[in-house]
> 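Can you keep this structure in mind? I'll have questions shortly.
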There are 2 protein chains.
Amino acid sequence: MERESHLKRAARRMTKQKKTILEILRSTTSHPTADWIYAEARKVLPDISLGTVYRNLHVLKEDGEIMELNYGSTYSRYDGNPQNHYHFVCVNCGAVRDVDMPVLPELEKRAEEVGAGEVFYHRLEFYGLCPHCRKEKRM
Amino acid sequence: MERESHLKRAARRMTKQKKTILEILRSTTSHPTADWIYAEARKVLPDISLGTVYRNLHVLKEDGEIMELNYGSTYSRYDGNPQNHYHFVCVNCGAVRDVDMPVLPELEKRAEEVGAGEVFYHRLEFYGLCPHCRKEKRM
DNA sequence: AACTAAACAGTAACTATTGCTAATTGAAAA
DNA sequence: TTTTCAATTAGCAATAGTTACTGTTTAGTT
């Protein structure tokens, strides 16, 4: 008899809904929204619900199968410094801090060289544990 | 008599609400949310409304006084490629494309060197006109 | 002081996302 | 193969961030 452990990984099931969503995402590079994925999925599974799409997107992200493109949360943050500068986002506490390193214009040049388009500006964010949360986690 | 022109810039007024919001934003580096700004503003102007906060944030952003940190829209986009790679966001049509350039691990090293924290990964996005919109704008 | 369009407060509406519940189902065990 | 059961689902209600609307106020000009 095994004692319940917080290390125990929840068993994942491969459902046709999840499979469909993953196939849709893998077959495009257009970085679609949940709503678009939902519309596509309904072409294959007409009864799939939007909630299922969101739940599977979360699960797939958690398992490292896909990426979600936002700033760690769905609402906007505002920055009183309009000069371009880089940010560090703590994945634990959600804090957003400025990173004290110079902006690198050569990144934009490289992007233009590979045909990305006409670059006006760029954004760079680092994700990880801020010094405070890092200390807390260590024990 | 002057013909109405789409080039005419709307006259901006400096209201105490706008001034307060800008001061709040300029006095912090914590990248606050609209709601936090609203709460702070109410300490000075108890009757200010949340709508006013949002309206002024938009205006201030439009005038280049502040920055908004999101992916160009409030909802998430998903990416079927879980490998880190860079993105190009078209400010005109909103399309998100992959940028065909290698990921630069040294950026993370630099961020750690300046004390940002423990970096797990980073994200780099370029903003500008995609080749298609660029062609359209040119005439 | 008078004027007027910009901005306001208050509130309703909208939209992306999450939570809830009873029913269904994938996959492991029998 | 059948049984079993927790993971997952559909459908829908609820949240939450943001935007739109309306009548009133006000900054800045005349």
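Predicted model only: the values in this text are computed from it and were never measured.
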> Going by side-chain contact (heavy atoms from CB on, under 4.5 Å), B:Ile24 matches just one of B:Lys43, B:Glu40, B:Lys19. Which one?
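Of the listed options, the one satisfying the test is B:Glu40.
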> Mind checking if A:Tyr54 touches a base, just sugar-phosphate, or nothing, with heavy atoms under 4.0 Å?
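Here A:Tyr54 touches the bases of the nucleic acid.
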> Compute the centroid of each ring, for B:Tyr127 and then for B:His87, and state whether the two points are separated by less than 6.0 Å.
no
> How long is the line joining NZ of A:Lys16 and C1' of D:dA7, in whole Å?
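Rounded to whole Å, this separation is 14 Å.
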> Go nucleotide by nucleotide along DNA chain D from the 5' end; which of B:Arg13 and B:Asp35 gets its closest nucleotide reached first?
B:Asp35
> Does OP1 or OP2 of D:dA10 have a side-chain N or O of A:Gln17 closer than 4.0 Å?
yes
> I need the single residue from B:Arg123, B:Glu112, B:Glu108 that forms a side-chain contact (heavy atoms from CB on, under 4.5 Å) with A:Phe126. Which is it?
B:Glu108
> Any idea which of C:dT17, D:dA10, D:dT18 is nearest the B:Tyr75 side chain?
C:dT17
> What integer distance in Å separates B:Ile37:CD1 from D:dG17:C1'?
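Going from B:Ile37 (CD1) to D:dG17 (C1'), I get 13 Å.
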> Other residues, nucleotides and ligands only: do more than 12 of their heavy atoms fall within 6.0 Å of CG on A:Asn92?
yes
> In this structure, how many angstroms lie between the C1' atom of C:dA7 and the CD1 atom of B:Ile21, rounded?
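It is 11 Å, rounded to the nearest whole Å.
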> Checking all strands, does B:Leu50 fall into the base, sugar-phosphate, or nothing category for heavy-atom contacts under 4.0 angstrom?
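Result for B:Leu50 = base.
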> Specify the separation, in whole Å, of atom CG of A:Leu57 and atom C1' of C:dT18.
13 Å
> Classify the nucleic acid contact of B:Thr33 as base, sugar-phosphate or nothing, counting any heavy atom under 4.0 Å across all strands shown.
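No contact at all - B:Thr33 keeps every heavy atom at 4.0 Å or more from the nucleic acid.
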> Is the shortest side-chain N/O distance from B:His58 to OP1 or OP2 of D:dT19 below 4.0 Å?
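Answer yes for this pair, as a side-chain N or O of B:His58 is under 4.0 Å from OP1 or OP2.
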